[in-house]
Amino acid sequence: MKETLETRADSAHGRRFTAGLLHWNATANDRPMPWKGETDPYRIWLSEIILQQTRVEQGWGYYERFVAAFPTVQELAAAPEQSVFKLWEGLGYYSRCRNLIATARIITEQYGGVFPQQYDDILALKGVGPYTAAAIASFAYNAPYAVLDGNVFRVLSRIFGCALPIDSTEGRKFFAQAAQELLPVGEARAYNQALMDFGATVCKPLPACAACFFQHDCAAFRHGRQGELPVKAKKTAVRERFFQYVLLQHENTLALHPRGPGDVWESLWEPLLFEAGRERDKEAILRALNEEYGIRKEDYTIESAAAKGRQRLSHQLIHFNFLHLGLARRLELPGFDWVPLDKIDDYPFPKTVGAWLKATFAGFG
DNA sequence: CAATCGTGGGG
DNA sequence: TCCCCAAGATT
C-alpha cells in the first residue's frame, strides 16, 4: 500500500469524513460513559488520567470510586497518599497515581483550586501530555485541540490509507496534523468525542465496516486493507525476571516495605524480595536469607513454600516463588514495617502479591 | 529518542 | 498459550 493516498486532510475527502462523523455522532453514536458530557475540568482530568493506556471498561469503576471518594480536587489533594494508591491499586502504571496526587496539590495550592484553562498551562501539569491536554481543553472548554490517541491513529490511517508507522516520528507528525486539520471550527468537543467513540465502536482493531457511514469513501476498505492498518513498526522486548518473596510473619504481623523508584510498582508494598537470574529452590532462598539478613533455621518455621505465580507485564515476564515463614521473635529489619494482619487491606500491592496475600490470609481482613 | 512503566480482555 | 493493544507520559 502506498504510504499516503492523501496528504492534505483538509481536502474534500477529509471534510466529507468530518461531516459524516459529526452526523454519525448526533444520530447513531450510543456510547454511554460516566464522564461523557462532563463539564467539570477536575472530573475530566481525573477520567483522562485513569484512561491513559486503559480500556474504558477497566477504568469505569475506578472513575466512579475516585469521584465518590474525592468529589473535589481539594479533597484529593488533602488525602493521605497511601489511600489514593489503595484506590488506584490494580489499575497499573502507578506513576499516574503519583502525578495525580502532585497535580491535585499544585492546582489546590498554586491555582487556588481552579483548574487551569489554557492549553499550555494544562500541558504543564504532571502526568498530562499532548493527548490529555487536548482532551481536557476540548471537553471542558471546547478549545480547538485535536486529540491523538490509539483510536485516532487507527481511524485516520484507514480513512486516508496511510501506512506510516504510528510509532515513528514521521507517522505521529502526519496523524497529528491530519487530526488537527480535520477539526471543524467551534466543534472541538463533539469532534474529539466522536472520533474516539467511532474508533472504539465501529473502526475497531477488527472493524465493523458493514456498519460504517464512511465505508464507500474509506481508502483502507476500498483496497481491502483494513486489517493492515494502522502500521506499527516496533515490538517491545520482554525481559524475564525471577522474584522470590519471603513473607516473614511474627504473630499477627507481617514484614512489608514499599518498593522504591527505578523499577516496576514504585510505592506499592511487598514482602522481603530476592531477585535472581533464574528460579531458585527453597534451600537457596533460605541460604540467602541467612547470608544477607542473618536469619537462621532456628529463627523460623516454614508455613508454606508451594505457592508460585507468573505475571506478564507489557515489557516484562515475572516469575514468582512465595515462601511464608513464621518467626518466633520479631527481628529488626531496616526499611520494613511490621504490619498487623487486620491492616493489610489498607496497603496497595502489586496484583500478584496482593492475590497471594489474600489467598494466604483469607479470613483476616 | 528508545526504553520504561501494569493490567485485563479478545482473537 | 501467545500476541495484540487499550482515551499515553516520562526520561
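Lettering of chains follows the sequences in order, A, B, ..., and the numbering in each one begins at 1. Keep in mind that what you see is a predicted model, and the values were worked out from it rather than measured.
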Any base atoms under 4.0 Å from [X], or only sugar-phosphate, or nothing? Heavy atoms, all strands.
X	value
A:Arg310	sugar-phosphate
A:Val128	sugar-phosphate
A:Gln316	sugar-phosphate
A:Gln193	base
A:Asp263	sugar-phosphate
A:Leu206	nothing
A:Ser47	nothing
A:Gly90	sugar-phosphate
A:Trp35	base
A:Gly227	nothing
A:Arg154	sugar-phosphate

Please confirm whether the ring centroid of A:Phe115 lies under 6.0 Å from the ring centroid of A:Tyr42. no
- Item | Ring centres under 6.0 angstrom apart (A:Phe198, A:Phe213) | yes
Nucleotide nearest [X] when distance is taken to its side chain, options [options]:
X	options	result
A:Lys234	B:dA2, C:dA7, B:dG8	B:dA2
A:Thr54	B:dT4, B:dG6, C:dA7	B:dG6
A:Asp197	C:dA7, B:dG8, B:dG6	C:dA7
A:Lys232	C:dC5, B:dG8, B:dC5	C:dC5

Can you see whether [X] engages [Y] through a side-chain donor-acceptor pair at a distance of less than 3.5 angstrom?
X	Y	answer
A:Glu266	A:Tyr94	no
A:Thr54	A:Gln52	no
A:Asp121	A:Gln117	no

A:Ile122 CD1 to C:dA9 C1', in whole Å, measures 16 Å
Confirm from the modelled atom types if [X] and [N] form a donor-acceptor pair under 3.5 Å, side chain to base only.
X	N	result
A:Thr132	C:dG8	no
A:Tyr93	B:dG6	yes
A:Arg96	C:dA7	no

Integer angstrom distance from the P of B:dC5 to that of C:dA7
23 Å
Scanning both residues in full, the closest heavy-atom pair of A:Glu48 with A:Phe139 reads OE2-CE1, 3.5 Å
Check: Are OP1 or OP2 of C:dA6 and a side-chain N or O of A:Gln53 less than 4.0 angstrom apart?
Finding: no
